[in-house]
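Beneath this line is the structure, given in structure tokens, with notes to follow.
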Amino acid sequence: KEKVEITKEQQALVKVVVEAYNRHQIPQDVAKKLLQDQYSAEENFLLLTEMATSQVQVLVEFTKNIPGFLSLDREDQIALLKGSAVEAMFLRSAQVFSKKMPNGHTEVLEERIRKSGISEEFMTPMFNFYKSIGELHMVEEEQALLTTITILTPDRPYVKDQQAVERLQETILDVLRKMCVLQHPQDPQYFARLLGRLTELRTLSHYHAEMLTSWRVNDHKFTPLLCEIWDVQ
Ligand SMILES: N#Cc1ccccc1NC(=O)[C@H](C1CCCCC1)n1c(-c2ccc(Cl)cc2)nc2cc(F)c(F)cc21
């Protein structure tokens with residue numbers, strides 16, 4: 001039985017990434033807002049575009065703390081941000097949805113999201129993903145590293161030096177694999193299941209443009225940043 005241990009530099013890397021991940025979270029807690037009041041489809045659409053816009057800004061700040069990211073080719077940095085922003089947003093939403101809440105709150109939150117204006121056809125894939133993330137009971141280190149792995153996906157469109165991105169991603173994959181073995185000794189498949197969620201995440205993210213344009217509102221207004229990042233307008 002091989003002895004798995006996290007090296008000093010891997011511990012330092014995790015610390016930097018987790019601190020940055022926690023520091024760069026959206027200030028206003030959207031779940032709390034949704035639990036407080038029922039909003040109209042228009043208000044929900046506006047809330048989503050505000051959340052998504054600020055999330056992209058937060059993502060840019062977060063990536064600056066990923067060791068090695070700023071040493072990548074600058075155009076590749078943009079390609080990675082553009083390619084992962086939607087997935088990072090759904091992953092963040094799933095983590096918010098999976099947070100432990102007082103009895104009945106998750107059901108209210110789900111109901112508010114079901115009635116927020118999103119078309120019916122997207123509910124099942126979206127909530128299946130959220131629940132599959134919830135079942136993993138990820139600790140915050142795993143959440144931060146999984147988001148980092150999503151950002152460091154080498155085969156995003158327009159990435160020129162894929163090897164450089166692959167090397168960075170492998171560094172994170174290696175420490176996440178060790179953490180999973182140490183954190184979930186009873187479940188040797190845990191790391192594989194964690195990575196399997198990224199496939200589900202990519203599939204869900206294919207729907208994002210349609211989910212936005214089919215939102216039950218008359219006028220779908222997007223911020224310039226969202227037009228840039230999301231394939232809309
Ligand atoms: N959370 C969060 C979050 C953080 C950063 C950026 C966006 C976020 N998501 C959001 O704000 C939306 C809200 C926006 C208002 C209307 C209801 C959905 N959201 C989404 C959702 C994101 C996109 C698309 Cl197309 C459909 C749904 N799944 C959520 C799950 C949650 F549990 C949750 F609380 C919020 C959630």
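Counting starts at 1 for both ligands and their atoms, in listed order. A quick note: this is a predicted structure, and the numbers were derived from the prediction, not measured.
- Protein heavy atom closest to atom 1 (N) of ligand 1, with residue, atom name and distance, is Val30 CG1, 3.3 Å.
- Ion pairing between Glu19 and Lys15 holds under the 4.0 Å rule for side-chain N and carboxylate O.
- When each atom of ligand 1 is checked for a heavy atom of Phe90 under 4.0 Å away, the hits are 23 (C), 24 (C), 25 (Cl).
- Closest to atom 17 (C) of ligand 1, if we only count protein heavy atoms, is Ser116 CB, 3.8 Å.
- Every atom of ligand 1 is numbered from 1 in the order shown, and the set under 4.0 Å from a heavy atom of Phe97 is 32 (F).
- From the protein, the heavy atom lying nearest to atom 6 (C) of ligand 1 is Met89 CG, 3.4 Å.
- When each of Asp76, Leu80, Leu81, Val165 is tested with Arg156 by the rule side-chain contact (heavy atoms from CB on, under 4.5 Å), just one qualifies, namely Leu80.
- Of all the heavy atoms of Met126, the ones lying under 4.0 Å from any atom of ligand 1 belong exclusively to the side chain.
- Where the criterion is an N or O separation shorter than 3.5 Å, residue side chain and backbone included, Ser93 meets it with respect to ligand 1.
- Here Leu109 has side-chain heavy atoms under 4.0 Å from ligand 1, and that is the only part of it that gets that close.
- Among protein heavy atoms, atom 16 (C) of ligand 1 sits closest to Asn44 OD1, 3.6 Å.
- His208 does not count as a contact of ligand 1, since none of its heavy atoms falls under 4.0 Å from the ligand.
- Note on Leu46: it does not cluster hydrophobically with Val232, by side-chain heavy-atom contacts below 4.5 Å among ILVMFWY residues.
- Residues Leu136 and Tyr190 approach most closely at O-OH, 3.1 Å, considering heavy atoms.
- A salt bridge between Glu200 and Arg197 is present, with a side-chain N of the basic residue lying under 4.0 Å from a carboxylate O of the acidic one.
- At a threshold of 4.5 Å between side-chain heavy atoms, the hydrophobic network of Ile, Leu, Val, Met, Phe, Trp and Tyr places Ile78 and Val56 in two separate groups.
- Annotation for ligand 1: atoms under 4.0 Å from non-hydrogen atoms of Ile118 are 26 (C), 27 (C).
- Under the 4.5 Å side-chain contact rule for hydrophobic residues, Phe222 and Leu48 share a cluster.
- Given atom 13 (C) of ligand 1, the protein heavy atom at minimum distance is Leu34 CD1, 4.3 Å.
- Numbered from 1 in the order shown, with element, the atoms of ligand 1 that lie under 4.0 Å from a heavy atom of Tyr130 read 20 (C), 21 (C), 28 (N), 29 (C), 30 (C).
- Ion pair Glu61/Lys64 flagged as a salt bridge, since at least one NZ, NE, NH1 or NH2 atom sits closer than 4.0 Å to an Asp/Glu carboxylate oxygen.
- The pair Glu43-Lys33 fails the salt-bridge criterion, with no side-chain N (NZ, NE, NH1 or NH2) lying under 4.0 Å from an Asp/Glu carboxylate O.
- A continuous path of hydrophobic side-chain contacts links Val4 to Ile6 [ILVMFWY only; heavy atoms under 4.5 Å].
- Nearest protein neighbour of atom 34 (F) of ligand 1, counting heavy atoms only, is Val96 CG1, 3.4 Å.
- Shortest contact from atom 30 (C) of ligand 1 to any protein heavy atom: Ile113 CD1, 3.5 Å.
- In summary, the side chains of Gln10 and Lys178 do present a donor paired with an acceptor at a separation below 3.5 Å, with no hydrogens or angles considered.
- Ligand-side atoms of ligand 1 in range of Ala31: 34 (F), range being under 4.0 angstrom from any heavy atom.
- Here the protein heavy atom with the shortest distance to atom 11 (O) of ligand 1 is Met51 CG, 3.4 Å.
- Residue-ligand proximity, Gln55 to ligand 1, at heavy-atom distances under 4.0 Å covers atoms 5 (C), 6 (C).
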